[in-house]
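The next block holds one structure in the form of structure tokens; read it before the comments.
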Amino acid sequence: MIEFRNITKTFNAVTVIEGLNLIVERGEFCVLIGPSGSGKSTILRMINRLIEHSAGEIRFAGEPIRSFAPEVLRRRIGYAIQSVGLFPHWTVEANIATVPRLLGWDAARIEARIAELMALLGLDAARFRTAYPHQLSGGQQQRVGVARALAADPDVLLMDEPFGALDPITRDSLQAEMRRIHAETGKTIVFVTHDMDEALRLASRVVILDKGRIVQSATPRELLHAPANDFVREFLGKDDYGLKLLSVETAGAHMRREDSGAVAEAVREQDSLRLALSHMVALKTDRLGVEDSTGRRVGLLLLADIVT
Amino acid sequence: MTRPERRAVGRFLMALAGFSALLAALPRSGPLFARLFPQLDRPLYVQQPFLDLVLAHLWLVATASLLATVVGVAAGIFVTRPSGREFRRLVETLSAMGQTFPPVAVLALAVPMIGFGFWPAFLALALYGLLPICENTIAGLEGVPPAAREAGLGIGMTRRQLLRKVELPLAAPVILAGIRISVTIGIGTAALASTVGAVSLGSPMIVGLNGNNIGYVLQGALLVGGLAIVIDLGFEAILTRLRRWTA
């Protein structure tokens, strides 16, 4: 879907990206992560030409991005940023409708799309449709920002630390929404963050960057089990490394298919082992039931199974 | 209309009604001024109808302000574009000069070049009104949140679309506030136009000052003051509407 071929970027004779090669496949949730100055935002913004690359070629859907007029390219690529950037003088519905209007959709189609997106992002249409951005909380604003980015059904969604300014609870719920939206829509997403927990939680592939180079590109599990070098190990953290390992494993994959009717408390199949462990510690127990998404008991999870 | 908008429109309409009443009453107020200033032979200005003076005054301010607005907003937009950034200091200096130069001096300089009447007054007023409009256009455009600009470009607006759909509407309250200052000052300053032979509400005042007729001065001043209040409240009503999204 997106291909970087030997990309170099220099700002005023300072090279910030050098010889970058990266392919983002269709349907991937690719998270770029690195310390500040690692070039992750620059890489993201080169895709929609908010920053022009200096050498090499970037391809989008098989075509070099410079074969598109910038605004044509950008209307096919959703863009959501940390500061959200809603237009303060437009209502929520007008904000969401921005790109469809630019593309000249008819009114009925735009109406239907606004309703669909507000439902997808969990925004109460009756309450928020005609509200102005300043009347929304930070989390609601970012939901509108994501809805606006998705409005014209773009092939790719670019997200630059979209949840970085939100409080932990709101961030948590928006991360869960993004996972769901990715699963439901199958969009290709390129996501920049400096938060490793966020990366491990969301990514189908994590690309770790340092000083404009790729240090490691792997699935969250591969990354945790086989970090490429000390830099990656450092970045994964020492104190809660074990918890990170648990965060990429699901309860469903580690449970025993045994009857758990005698155990009162339960977690869901797709919950992480990290969450399960947290519940066990809180409940002072060494066993939890496991249920599927309909609430039916499907197995038993023991503390010993988490640790081994 | 929201409640503050209705209130602002209400205030404007009340001021307009009050001004109309004043305008209707003045031609009949000869006895009143005769009692106020018994020393005057002709206490009421009758050389031209007051309505004609008001309309001429408004026409002068409106045309001069229109020119100042077109030039000031265009210059403000130009120097905030990437291509015009280097002209910003120059434009700001020029418009500040227009403001520092007293209108009387412009009139004195313009008369020998373009003669007496409407045009020197028009020129002086337009120059004098340029600065607040130009400055406020620049301030308004610079006050647009950078995030809105980045998002607009990032989701596929062209620079022109960004200006028209995002930057100008967001800057509009500040720009209009500049126009309001310019016009309100212009209404007062336009009275000077009568010194170079243009017809305005300054005419009774100039005649009154020359002939020591305080009644004429007071009649002109009442109308200038009233007009300034009406126009100012009109701008207030429009501004309230433009700021709807901030409330």
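Only this structure's heavy atoms are used, side chains among them; waters, hydrogens and symmetry mates stay out.
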Taking atom [atom1] of [X] as the centre, report whether more than 12 heavy atoms of other residues, nucleotides or ligands fall under 6.0 Å from it.
X         : atom1 : value
Trp105(A) : CH2   : yes
Arg26(A)  : CZ    : no
Arg85(B)  : CZ    : yes
Arg59(A)  : CZ    : yes

Does any backbone or side-chain atom of [X] lie under 4.5 Å from a heavy atom of chain B? Answer side chain, backbone, both or neither.
X         : result
Pro88(A)  : both
Val84(A)  : backbone
Tyr132(A) : side chain
Arg45(A)  : side chain
Ile81(A)  : side chain
Arg76(A)  : neither

Closest heavy-atom contact between [X] and [Y]?
X         : Y         : result
Gly85(A)  : Ala151(B) : O-CB, 3.4 Å
Gly154(B) : Leu50(A)  : CA-CD1, 4.0 Å
Leu153(B) : Arg74(A)  : O-CD, 3.0 Å
Arg148(A) : Ile155(B) : CD-CD1, 3.8 Å

Q. Between the main-chain N or O of Lys165(B) and the side-chain N or O of His89(A), is there a donor-acceptor pair closer than 3.5 Å?
A. yes
Q | Rounded distance [0.5 Å steps], CD in Gln82(A) versus CD in Glu150(B) | A | 11.0 Å
